[in-house]
Protein chains: 2
Amino acid sequence: MEDKLREYEERLSEKNFKLTSQRRLILKTLIENINEHPSAEEIYQLVRKQNPHIGLATVYRSLELLCELGILHELNFDNNCRRYELEQGDKHHHHLICLKCRKIVEFNDDMLKNLEDHIQSQYEFDVVDHRIKFYGYCADCRKAQDK
Amino acid sequence: MEDKLREYEERLSEKNFKLTSQRRLILKTLIENINEHPSAEEIYQLVRKQNPHIGLATVYRSLELLCELGILHELNFDNNCRRYELEQGDKHHHHLICLKCRKIVEFNDDMLKNLEDHIQSQYEFDVVDHRIKFYGYCADCRKAQDK
DNA sequence: TTTTCAGTGGATAAGCGTTTTCAATCATTA
DNA sequence: TAATGATTGAAAACGCTTATCCACTGAAAA
């Protein structure tokens, strides 16, 4: 935890930003909830438990800054709010979204390199990133359905 | 055009909805701009050229209804608005999104069936749909950059 | 030390896309 | 014709996000 925070502090200071107490708390919350893909509002609620004086605007500003620095990624699962996840090295992972319980499962893949190469030559499209979402039913919901 | 409209009328009436003049005009506009992936606002502006009295709420309501009937698909390229495309048979296609000019190129694929099967067994996740977006630079922007 | 100044944060208003409300209209049926 | 229900348009409300305002902080300059 402290290691990660020090790393983030360095990445902030490279661009002359400071790891203020608010940013520290937001990052801490993101680390602690790394599998949750929380929305801004959810982060705000979590952060307020530890510092009730923090403002919603600060949360939004911090998330924006962290995204610009590449520390955080913005996700887009449903249409009415943005969700966030910490950057996790260069492991390319994508999401399985359960249509019933809305749970989000991550999965890693290396199978798409070929497809990228194909697109590159076929469409003259220079691929720099991709986002894949699979929709379906997770193990839990499938079991519940069988009952 | 008229063929398609008749087909849509049938699909509406199956669920006891009517092809009103507003819905007809919206569908007509969607057919005419089938490669544009227009947003609700853009559809509204297009539709108003032919019927200046149509309301924005009607456009939103019609788009919602057409999505529910599967005639239309909601897309999610940028965060601040939804875009729409007519359902086009069972051709599974995805999108290449140019980061420079924001142009959206469609591409078809059959290469993902294997990946779905893999996910199915590995994660016990029952995949029913997937959405893939590749981000990069289109042929035009690549050429412009070379100059 | 005092002053200055950029960076930051909190409260709140504003912005923007979307949804809801409500009265009016239209089509269909009795 | 009267009644009923679906649909519409205008405007208000809504929810998430961004911008504005002013106060505070902490470091550099005078």
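Just so you know, these numbers use all the heavy atoms, side chains as well, and skip hydrogens, waters and symmetry mates. Throughout, a chain's letter reflects where its sequence line sits, starting with A, and its residues are numbered from 1.
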List in chain and number order the residues that pass side chain to side chain contact (heavy atoms under 4.5 Å, CB included) with B:I71, two or more places apart in sequence or in another chain; answer none if no residue qualifies.
B:Y8, B:R11, B:L27, B:L66, B:L69, B:L86
B:F125: what forms a ring-ring contact (aromatic ring centres under 6.0 Å, His included) with it, not counting sequence neighbours?
none
Holding to side chain to side chain donor-acceptor pair (under 3.5 Å), I want the full list of residues that pass it with B:E85, two or more places apart in sequence or in another chain.
B:H37, B:H93, B:H95
For B:K103, check side chain to side chain donor-acceptor pair (under 3.5 Å) against everything at least two apart and list the hits.
B:D140
Please identify the 5'-most and 3'-most nucleotides of DNA chain D with any atom under 4.0 angstrom from a heavy atom of chain A.
D:dC16 to D:dT20
If the condition is side chain to side chain contact (heavy atoms under 4.5 Å, CB included), which residues does A:E14 pass it with, not counting sequence neighbours?
A:E10
Footprint string (nucleotides 5-16 of chain C, 5' to 3'): B base within contact, S backbone only, - free, heavy atoms under 4.0 Å
---SBBBB----
Using the test side chain to side chain contact (heavy atoms under 4.5 Å, CB included), find all partners of A:Q45 that sit at least two apart in sequence or belong to another chain.
A:E41, A:R48
How close or far is atom C1' of C:dT21 from atom OH of B:Y60, stated in whole angstroms?
17 Å
Using a 4.0 Å cut-off on heavy atoms, which residues in residues 25-36 of chain B reach DNA chain D? List them by number, or say none.
none
Going by the rule side chain to side chain donor-acceptor pair (under 3.5 Å), which residues pair with A:Q50 if we only count those two or more places apart in sequence or in a different chain?
none
Under a 4.0 Å N-O cut-off, is there an ion pair linking B:R24 with B:E2?
yes
Only counting residues at least two apart or in another chain, list the ones meeting salt bridge (Lys or Arg N to Asp or Glu O under 4.0 Å) with B:E36.
none
Tell me, please, which residues at least two apart from A:R6 pass salt bridge (Lys or Arg N to Asp or Glu O under 4.0 Å).
A:D3
Expressed as a whole number of angstroms, how long is the span from B:E42:CD to C:dG17:P?
11 Å
